Number of protein chains: 2
Amino acid sequence: MSIEKVAKIAGVSAATVSRVLNDQHIVKPATRDKVLAAIAQCNYQPNLLARQLRTSRSRMLLVLVSNITNPFCSLVVRGIEEEAERHGYHILLCNSESNPTRESAYLSLLRGKVVDGVITMDAVSCLPGLTDMIGDFPWVQCGEGDPEFRASSVTIDNSQAASAGVYHLAAKNRQRIALINSDMRYLYSQQREQGYRKALTELGFEYCKIEYVEELDYTAGAKAMEKLLQNAPKPDAVFAISDVIAGGAMSVLHQQGLHIPNDIAVLGFDGVPFGEVTTPPLSTIVQPMHQFGIRSVQLLINKIKHPQLDDSHEILEWQLIERGST
Amino acid sequence: MSIEKVAKIAGVSAATVSRVLNDQHIVKPATRDKVLAAIAQCNYQPNLLARQLRTSRSRMLLVLVSNITNPFCSLVVRGIEEEAERHGYHILLCNSESNPTRESAYLSLLRGKVVDGVITMDAVSCLPGLTDMIGDFPWVQCGEGDPEFRASSVTIDNSQAASAGVYHLAAKNRQRIALINSDMRYLYSQQREQGYRKALTELGFEYCKIEYVEELDYTAGAKAMEKLLQNAPKPDAVFAISDVIAGGAMSVLHQQGLHIPNDIAVLGFDGVPFGEVTTPPLSTIVQPMHQFGIRSVQLLINKIKHPQLDDSHEILEWQLIERGST
DNA sequence: CTGAAAGCGCTTACAG
DNA sequence: CTGAAAGCGCTTACAG
């Protein structure tokens, strides 16, 4: 079923059908009604590929996440989808697992005109080949903002938030605050570590111990916690780079019979729902995940509509929520 | 940059460039080399929309999930993406939140030729309008298999698994086994409830108490648990329809000072990673989530390639894992 | 082995 | 207000 056939049924030209389809009000009401009737009669739905090819607009957005399994990511994606829908856009999801081959396969959709722009939530910024692939296409980095790249960004002040986390723990009389950080490829990891070290210095604390994880999952958090408990003196607080990591750490502490927060305090990062149901509930630094998604889409669509626009870098507010674990 | 320009640079016709692009081996090696050089020289990437329009194959799959935030969903999506990539397909994600408007917007992409087929993980089956939209397009239901519909499916035997759960709890000397079930729109909810009731009858248990949740999140699980504890006699075991629900329930039990499993046992469903880090670790019925994703894609692509094929209904194996909570 | 031509199904100046 | 025609960028019989 094509526009040509609808036109024939309605007794008009394809151009007129197209005008009706696109809500152009220059069509005479009577004609319009005939067309609408024909469309309904044959249950016609335009071929979107043809339209996209012709207009060179796909109204699709590529979203590159490193791990959709991470609740932080899925909450951001939710915000992205909500806002995209509002603007008539659809989402193509690439769950990259930080796999460059897969990322580049998806990014080639930009040059292939299948998507109009991309939101990245992975550290593409350190994979030079990939940034070449993005080239001049509309791009916003979400949750991470490397000003070196020609991309807009939506983030929080990671360094400041991490410092605040350390001060919070210090206010709870903790002296030996360990950090479980993730892959230093991520700019946010670097920034949070910097904030952690800065606060430690300001406080005059000597204890400074950092364990790195390669994946942001419970198992990685558990392993890191085990390592942290091996050397003396043991920490009396752990600051985890993500709530998921904190969850893994807490399970090890329970196993070893340590009391949270008396023996050791635990502070997370992200503000993911499961932090509300841990034992004890997890204190954490909340990122505005939903808002991350919404603003990212707004910036991206703005850039798609006005390509000559300058990149903008948004810093949203974080918030420290104290629950039972600190 | 179009195929025409590449052809001009290489001194051949567009048809020849197209043949090289599509790896057709009838091209003379010398010609082939010239073309490849031209492609490299101008960094050419074919317009995928044009190709898709011409071949009427988009190599895109639509995935409809009700809530990407649910770890069950994201683990299945991961499997889907992995297998799709293997076949050269990309994923369009619709996080429907069970919102019919959004679902139908995405489903219209089927008739719009933007996607070649759809995998649903939501209860579209009870939204008649939506199944009309899917029409005769390739469709597989994942995690739910309603034989009434013209769709293939990949599931487990939900009724059998639920019965086994009840028997497991009975073997732990539980007599008052409550069920926290989800929305009865879902076929799997109906099937699991049926398995639960069947086992209860077989065991001759009189206690039978079911609480329903509308959302599959921690909060909903917590609320349901609170209600369950309000009437006497209290249950000595809770069987939750999902691990996330179980997590919410456990937090309430901890708050009320009840010991798990001594005072009350908790059994989950899904086998999601966070069940490993609860206190105590969660016993659960594991669904092969990754395999769900993989098989769904295989069935779907098979159907895309051979539309006349009959629908197939696959039942995969579940597994009861006993951890500390039962 | 290669090219000229038609066509996928739309949209959009242009002319009337 | 409407239609004829061109064109988006590919692929694919068809002919040579």
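FYI, side chains are in, hydrogens and waters are out, and symmetry mates aren't considered; it's all heavy atoms of this structure. These numbers come from a predicted model, not from an experiment. Naming convention: chains lettered A, B, ... in sequence-line order (proteins, then strands); numbering from 1 in each chain.
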- prompt: Would the number of heavy atoms belonging to other residues, nucleotides or ligands and lying under 6.0 Å from NZ of A/K34 be above 12?
  reply: yes
- request: Write down the partner of C/dA13 under the Watson-Crick or G-U wobble criteria, each distance required to be under 3.5 Å.
  value: none
query: For the pair made of CD in B/E4 and P in C/dA6, what is the distance, rounded to whole Å?
result: 15 Å
- request: Go through the N and O atoms of the side chain of B/R19 and the base of C/dG3, and report whether any donor-acceptor pair is under 3.5 Å.
  value: yes
- prompt: Starting at CD1 of B/I26 and ending at P of D/dG16, how long is that distance when rounded to a whole Å?
  reply: 18 Å
- prompt: What nucleotide, of C/dT11, D/dT11, D/dG9, holds the atom closest to the side chain of A/I3?
  reply: C/dT11
Whole angstrom value for the distance that separates P of D/dG9 from CZ of A/R111: 14 Å
message: Just N and O in the side chain of B/S2: are any of them under 4.0 Å from OP1 or OP2 of D/dG9?
response: no
message: By nearest atom, which of the nucleotides C/dT2, D/dT11, D/dG3 is closest to the A/A15 side chain?
response: D/dG3
Minimum-distance nucleotide to A/L53 side chain [options: D/dT2, D/dT11, C/dG9]: C/dG9
- prompt: Does the side chain of A/S13 get closer than 4.0 angstrom to OP1 or OP2 of D/dT2 through an N or O atom?
  reply: no
- prompt: Any side-chain N or O of A/N22 under 4.0 Å from OP1/OP2 of C/dT11?
  reply: yes
field: D/dA4 pairs with, by Watson-Crick or G-U criteria that keep both distances under 3.5 Å
entry: none
message: Heavy-atom nearest nucleotide on DNA chain C for B/A50 versus B/T31: which residue maps closer to 5'?
response: B/T31
- request: Round to the nearest Å and state the distance from B/L21 atom CG to D/dT12 atom P.
  value: 12 Å
Length of the CG-C1' vector between A/L49 and D/dT11, whole Å: 14 Å
- prompt: Which one, D/dG9, C/dG9, C/dT2, comes nearest to the side chain of B/R54?
  reply: D/dG9
query: Taking NZ, NE, NH1 and NH2 as the nitrogens, is one of them in B/D136 or B/R150 under 4.0 Å from a carboxylate oxygen of the other?
result: yes
query: Whole-Å distance between D/dA4 P and A/K8 NZ?
result: 12 Å
message: So which atom in A/S152 and which in A/L299 form the shortest heavy-atom distance, rounded to 0.1 Å?
response: CB-CD1, 4.2 Å
field: Atom pair distance, as rounded to whole Å: CD1 in A/I39 and P in C/dC10
entry: 10 Å
task: Could you tell me whether B/K113 atom NZ has more than 12 heavy atoms of other residues or ligands within 6.0 Å of it?
output: no
message: Counting only side-chain nitrogens and oxygens, does A/Y44 get under 4.0 Å of the OP1 or OP2 atom of C/dC10?
response: yes
- prompt: Where do B/Y186 and B/D122 come nearest, in terms of heavy atoms and distance?
  reply: OH-OD1, 2.6 Å
- prompt: Of B/K28 and A/L48, whose closest DNA chain C nucleotide lies nearer the 5' terminus?
  reply: B/K28
message: If the threshold is 4.0 Å, N to carboxylate O, is there a salt bridge linking B/R78 and B/E82?
response: no
- request: Take the protein atom CG of A/N47 and the nucleotide atom P of D/dG9, then report the distance between them rounded to whole Å.
  value: 17 Å
